[in-house]
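Presented below is the structure to which this report refers.
Only heavy atoms go into these numbers, but all of them, side chains included; no hydrogens, no water, no symmetry mates. Note that this is a predicted model, so its numbers are computed, not measured. Below, chain A is the first sequence line, B the second, and so on; all start at residue 1.
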Protein chains: 2
Amino acid sequence: MYSIGNLSRHTQVKIPTIRFYEDKGLLPRPDRTAGNQRRYDDTALKRLLFIRHCRDLGLPLTDVEGLLSLEGASGGDLNQAHEIAERQLADLRDRISRLRSLEAELTRISKACDGKHDHVCAVLHAFGDHNECAGPHAHSK
Amino acid sequence: MYSIGNLSRHTQVKIPTIRFYEDKGLLPRPDRTAGNQRRYDDTALKRLLFIRHCRDLGLPLTDVEGLLSLEGASGGDLNQAHEIAERQLADLRDRISRLRSLEAELTRISKACDGKHDHVCAVLHAFGDHNECAGPHAHSK
DNA sequence: TGTAATTCCTCTAGTGACTAGAGGTTCAAG
DNA sequence: CTTGAACCTCTAGTCACTAGAGGAATTACA
Ligand SMILES: [Zn+2]
Ligand SMILES: [Zn+2]
Ligand SMILES: [Zn+2]
Ligand SMILES: [Zn+2]
């Protein structure tokens with residue numbers, strides 16, 4: 001049996017986060033001591049490690065919830081796991097391509113100024129002026 | 001003079017967001033009509049476009065604020081604009097490299113399952129097990 | 001001038017995924 | 001049995017907005 005602090009140390013998930021997951025229903029309410037403190041078993045440990053790894057992979061909690069509900073499922077239901085993986089991958093690729101075009105734009109902006117700063121700074125100007133940009137950009141995360 | 005709706009149309013910034021920027025001090029409080037409605041001039045329009053472009057480039061509002069305070073500055077103070085640009089660029093590159101390693105990992109996970117789903121799904125399993133992963137990952141945004 | 005449609009006002013609360021802190025209780029070691 | 005660490009609940013704060021309620025002002029048209 002693990003106290004919440006021990007569980008935290010084993011999983012690298014911070015204590016308030018563990019309680020937050022419990023509130024959200026991602027972790028079942030654990031047993032308590034006579035003094036009302038939480039005690040976890042290995043099942044809870046595994047479940048929390050699962051959540052943590054999904055989060056590290058960038059999945060939102062709603063998807064983590066979906067995957068957790070698939071534990072013990074079989075047959076076609078398991079295709080939902082594939083869907084989640086592919087959706088996340090597509091999202092990731094989209095984000096990467098947007099971030100790369102932002103990188104190009106910011107590189108240009110960074111180099112724009114000669115550093116003399118007599119009256120103006122070309123970097124400052126470029127930050128405000130989209131006309132100098134190569135293409136559109138919507139950052140979104 | 002623009003009403004808030006007109007300003008919104010000219011800048012593609014949503015009305016509640018304009019009011020939010022005013023609350024945050026990024027936009028000065030505009031004049032009001034006798035009936036208490038906001039009226040903006042071209043200076044406000046330009047300032048809002050500046051903010052919007054910075055946001056599109058991914059700058060947090062604190063940096064936008066810093067850049068706005070540099071308008072009209074000269075000399076060494078303008079180096080702060082360069083610092084902001086380079087910090088943002090470094091942050092961007094860091095994010096891209098982390099997202100790319102995530103992409104590799106998710107690609108592997110996606111391909112892990114043969115789709116038979118007799119009893120288990122290898123995708124679902126891979127989501128929970130970091131031992132199969134090539135390296136560490138901390139997603140963070 | 002009347003009236004109806006549109007736009008505007010303030011205020012509160014919600015998003016996602018936590019994090020920080022206050023004020024108090026329980027546990028474990030010596 | 002005492003001390004100090006770890007635990008409890010609850011509230012509020014983070015970032016950058018977004019949505020909605022309930023009401024007032026403006027604009028367009030007849
Ligand atoms: Zn410069
Ligand atoms: Zn641009
Ligand atoms: Zn599968
Ligand atoms: Zn992993």
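As a whole-Å value, the separation of B/Phe20 CZ from D/dC17 C1' is 6 Å. Atom CD of A/Glu22 and atom P of D/dC7 are 14 Å apart (whole Å). Between the CD1 atom of A/Ile18 and the C1' atom of D/dA6 there is a distance of 13 Å, rounded to whole Å. Spacing between atom CD1 of B/Ile4 and atom C1' of D/dT18 amounts to 14 Å, rounded to whole angstrom units. When the C1' atom of D/dC7 is taken as reference, atom CG of A/Asp31 falls 16 Å away, rounded to whole Å. Spacing between atom CZ of B/Arg19 and atom P of D/dT18 amounts to 13 Å, rounded to whole angstrom units. As a whole-Å value, the separation of A/Tyr2 OH from D/dA6 C1' is 18 Å. In this entry the distance linking OH of A/Tyr40 with C1' of D/dC7 reads 11 Å, nearest Å.
Extent of DNA chain C lying under 4.0 Å from chain A heavy atoms, first and last nucleotide in 5' to 3' order, is C/dA17 to C/dC27.
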Going through the distances and angles, do A/Asp91 and A/Arg87 end up as a salt bridge (charged side-chain N to carboxylate O under 4.0 Å, His left out)? CA-CA 6 Å; A/Asp91 185 71; A/Arg87 196 157 31 71; over 6 Å; no
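Here the straight-line distance linking atom CG of A/Leu67 with atom CG of A/Leu59 works out to 6.0 Å at 0.5 Å rounding.
Between A/Thr33 and A/Thr62, the residue whose closest nucleotide on DNA chain C is further toward the 5' end is A/Thr62. Where B/Arg39 and A/Arg32 meet DNA chain D, the nucleotide closest to each residue was compared, and A/Arg32 sits on the side nearer the 5' end. The residue among B/Ala34 and B/Pro16 whose nearest nucleotide of DNA chain D is located toward the 5' end is B/Pro16.
Between the B/His117 side chain and the A/Ser74 main chain, no donor and acceptor come within less than 3.5 Å of each other. Without hydrogens or angle criteria, B/His10 side chain to B/Asn6 main chain gives a donor-acceptor distance under 3.5 Å.
The phosphate of D/dC17 has OP1 or OP2 within less than 4.0 Å of a side-chain N or O from B/Arg55.
At a threshold of 4.0 angstrom between heavy atoms, the contacts of B/Lys24 with the nucleic acid are absent. No contact: B/Arg9 has no heavy atom under 4.0 Å from any strand.
A salt bridge (charged side-chain N to carboxylate O under 4.0 Å, His left out) check over residues 8-22 of chain A, counting only residues at least two apart or in different chains, returns the pairs A/Glu22-A/Arg29, A/Glu22-A/Arg32, A/Glu22-A/Arg38.
Between A/Val123 and A/Cys113, the shortest heavy-atom distance links the atoms CG2-CB, 3.7 Å.
Residues passing the side-chain hydrogen bond (donor to acceptor under 3.5 Å, both in side chains) test with A/Asp42, sequence neighbours excluded: A/Tyr2.
Distance from the side chain of A/Arg38 is smallest to D/dC8 among D/dC17, D/dC8, D/dT26.
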